[in-house]
Amino acid sequence: MKRKKIAELLKTTAPIDNILLKGWIRTKRDSKNFSFIEVNDGSCLKNMQIVVDEIISDYVEIKKLTTGSAVAVSGSLVPSQGGGQQWEVRAAKIDIISIAPETFPLQKKRHTDEYLRTIAHLRPRTNKYGAIFRIRSELSWAVHQFFRDRGFRYIHTPVITGSDCEGAGELFRVTTLNPPMPMNSNGKIDFSKDFFGAESNLTVSGQLSAEMFALSLGDVYTFGPTFRAENSNTSRHVAEFWMIEPEMAFCDLAGNMDLGEALIKNLIRFAIDTCADDLNLFARFVDKTLEKTLENIISSDFFRIPYKDAIDILLGSKESFEFNLSYGTDLQSEHERYLTEKYFKKPIIIYDYPKTIKPFYMRLNDDGETVGAMDILVPRIGELIGGSQREERLDVLEKRMVGGGLSKESYWWYLDSRRYGTVPHSGFGLGFERLLMLITGVSNIRDVIPFPRTPGNIDF
RNA sequence: UCCCCAGUAGCUCAGUCGGCAGAGCAAGUGGCUGUUAACCACUGGGUCCGCGGUUCAAGUCCGUGCUGGGGAGCCA
């Protein structure tokens, strides 16, 4: 008999004889002559209630089953006589696949997220984490669907990159050298002896590679792991995370904003439509305002405001901020929160930042002072998207690089794209985990990624 | 990396002024004919985070280290 998944069985409209299901026991309630066993197989949030009568063979053994044990149940799917569920399985036979000893750390009660993080290998067996990772899977698929529907090509940019990246944070070095390290005459490590013959690192962004493909295939995107060796200890940072980076040829900053806003709204809509059961768990137990928050985001136009005007609002507000700000400084968390949570009460897009606080590749505006950058900020999370129109003019780009202390030689291939058939183009990066936090209301990024990597923590 | 808070049973926590180590849940045993985090009864369960100090006496006070959480910076 072919195994059926619980998600499939629960969709039925009529009883079914002779079904087989397999899963893990979440809880068991015994009476004298029969037992109720709740089985979950991971296919959906809901358990299947199994009714086991004492006349079944091996009932003595079945009574010993514990939370966490694995079973194969054959029987018939019938309307439930109890109130909590529509269907239940009347067991004809239960095969015990394995028994979890009483040391099984998950109990049939609520655990804290902090405790579950210490057993990250078992937490997907809980309702909440099962739901998170089903939603994560569905949304990953929706990302590809969104871009494919719009004619974007999916590019696999390298995970290992050459040394001189765009200076976005600390890098994880990739090496096959072992101590004692070979040294050159300057007393530095001699990377010419290393695997690639040069210093190499894990990528902090696929952007520069993606630009090359945007200037070939038109509209492209990457969606892959990204690594930052920053010693960040916050609920919004991990050392390994997944980033979505579209890059579009013949696209200006306004088009870039349009795509970012559409992507966020589309993915939220998708989650609401496709993951209703799982999402409902978060609306009930994690964030009571979740439904309203998500509806507000998809129904409102993101407010677009130049950096200068945002500063004016902050300077003119009666709010007392811990950090002073002025034209030319970057916004602090408290400023972002004030704007999105108190002033506008919806997502905003801040654009045209001073060139002094943004990287070399962002396009210089006609005022000579600002660049065509745009950040999409959302309530509670802060920066969800950071992007820009890219500098397509070779001479301007070279000047910006030199000004930023970067060597033109190591970016020869990047500059080539501006030498041969250069065109205006734009793109952005969206932190996938931060999007998941927004959609589920989960407040710690470590709880929306299977095995989080943070400073001092590489378990699992 | 900086600031703040916490660490007591398997889990979540209480522990008063420094004076016998506690509860709920879980687990184990028994009971119960439709349960819903089932229920009822009984039983077992402790390196009070580690190290050092003060004291007749430290879970409690002091110092220090470790771990976790919240916030900040950096950013997605």
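Below, all heavy atoms of this structure are taken into account, side chains as well, without hydrogens, waters or symmetry copies.
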Review point. Within this structure, what is the CD-to-P distance between A:Glu54 and B:U35, rounded to whole angstrom?
Key: 17 Å

Check your understanding: Could A:Glu8 and A:Lys11 be called an ion pair, given the rule that one side-chain N must be under 4.0 Å from one carboxylate O?
Key -> no

Check your understanding: When the ring planes of A:Tyr353 and A:Tyr307 are compared, do they come out parallel, tilted or perpendicular, using 30° and 60° as the limits?
Key -> tilted

Exercise for review: Please work out whether the ring planes of A:Phe152 and A:Phe147 are parallel, tilted or perpendicular, with thresholds of 30° and 60°.
Suggested key: tilted

Review point. What nucleic acid atoms does A:Gly82 come within less than 4.0 Å of, heavy atoms only: base, sugar-phosphate, or nothing?
Key: base

Check your understanding: With distance as the sole criterion, do the side chain of A:Gln332 and the base of B:G73 form a donor-acceptor contact below 3.5 Å?
Key -> no

Review point. Looking only at N and O atoms, is any donor in the side chain of A:Glu114 or the base of B:G68 less than 3.5 Å from an acceptor on the other one?
Key: no

Review point. So what does A:Asn444 touch, heavy atoms closer than 4.0 Å: a base, only the sugar-phosphate, or nothing?
Key: sugar-phosphate

Check your understanding: Can you find an N or O donor on one side and an acceptor on the other, under 3.5 Å apart, linking the side chain of A:Arg337 with the base of B:G71?
Key -> no

**Study point:** Nearest-angstrom distance, P atom, B:C32 to B:A41
**Key:** 16 Å

Review point. Rounding to a whole Å, what distance do you find between A:Phe34:CZ and B:U33:P?
Key: 8 Å

Check your understanding: B:U35 base to A:Gln81 side chain: any donor-acceptor pair below 3.5 Å?
Key -> no

Revision key, fill the gap. From CG of A:Leu377 across to P of B:C75 the rounded distance in Å is 14 Å

Practice item. Identify which nucleotide among B:G70, B:U33, B:U35 has an atom closest to any side-chain atom of A:Arg446, counting heavy atoms from C-beta outward. Key: B:G70

Point to revise | Residue whose nearest RNA chain B nucleotide is more 5′ - A:Glu88 or A:Thr112 | key: A:Thr112

Review point. Once the angle between the rings of A:His335 and A:Phe321 is folded into 0 to 90°, is it parallel (under 30°), tilted (30 to 60°) or perpendicular (over 60°)?
Key: perpendicular

Check your understanding: So, does the side chain of A:His111 form a donor-acceptor pair with the base of B:C11 at under 3.5 Å?
Key -> no

Review point. Which part of the nucleic acid does A:Gln49 contact within heavy-atom distance under 4.0 Å: base, sugar-phosphate only, or nothing?
Key: base

Review point. Within the structure shown, what part of the strands sits under 4.0 Å from A:Val378 by heavy-atom distance: base, sugar-phosphate, or nothing?
Key: nothing

Review point. So what does A:Thr226 hit on the nucleic acid, given a heavy-atom distance under 4.0 Å: a base, only sugar-phosphate, or nothing?
Key: nothing

Exercise for review: Give a yes or no on whether a donor-acceptor pair under 3.5 Å exists between the nucleobase atoms of B:C75, that is its base, and the side chain of A:Arg434.
Suggested key: yes

Review point. A:Lys109 NZ to B:U12 C1': how many Å, rounded?
Key: 4 Å

**Study point:** hbond_proxy A:Ser232 side chain to B:C75 base (donor-acceptor, 3.5 Å cutoff)
**Key:** no

Study note, to complete from the structure: Rounded to whole Å, the NZ-P distance (A:Lys28 to B:A26) equals 13 Å

Exercise for review: Could you say whether the aromatic ring of A:Phe241 and the base of B:A76 stack, counting only centre distances under 5.5 Å and plane angles under 30°?
Suggested key: yes

Practice item. Tell me what A:Gly83 touches on the nucleic acid: a base, only sugar-phosphate, or nothing, going by heavy atoms under 4.0 Å. Key: base

**Study point:** Under 4.0 Å protein heavy-atom contacts per nucleotide of nucleotides 2-9 of chain B, with B for base, S for backbone only and - for none
**Key:** --------

Practice item. Specify the separation, in whole Å, of atom CZ of A:Phe104 and atom P of B:G28. Key: 14 Å

**Study point:** Per-nucleotide protein contact string for nucleotides 40-50 of chain B, where B marks a base within reach and S marks sugar-phosphate only (heavy atoms under 4.0 Å, - for neither)
**Key:** -----------

Check your understanding: B:C74, B:A26, B:U35: which one has an atom nearest the side-chain heavy atoms of A:Glu230?
Key -> B:C74

Review point. Looking at A:Asp258, A:Asp375, A:Asp309, which one forms a salt bridge (charged side-chain N to carboxylate O under 4.0 Å, His left out) with A:Arg304?
Key: A:Asp258

Practice item. Quick one: sort the A:Tyr221 and A:His144 rings into parallel, tilted or perpendicular, breaks at 30° and 60°. Key: tilted

Exercise for review: Tell me the partner of B:U60, counting only Watson-Crick (N1-N3 plus N6-O4 or O6-N4) or G-U wobble (N1-O2 and O6-N3) with both under 3.5 Å; none if nothing fits.
Suggested key: none

Check your understanding: B:A76 P sits how many Å from A:Glu336 CD, rounded?
Key -> 11 Å

Study note, to complete from the structure: Within residues 116-142 of chain A, those residues having any heavy atom closer than 4.0 Å to RNA chain B are A:Arg117

Point to revise | Separation of B:A37 C1' from A:Asn40 CG (nearest whole Å) | key: 15 Å

Review point. Rounding to the closest angstrom, what is the interatomic distance between B:A9 and B:G45 at atom C1'?
Key: 6 Å

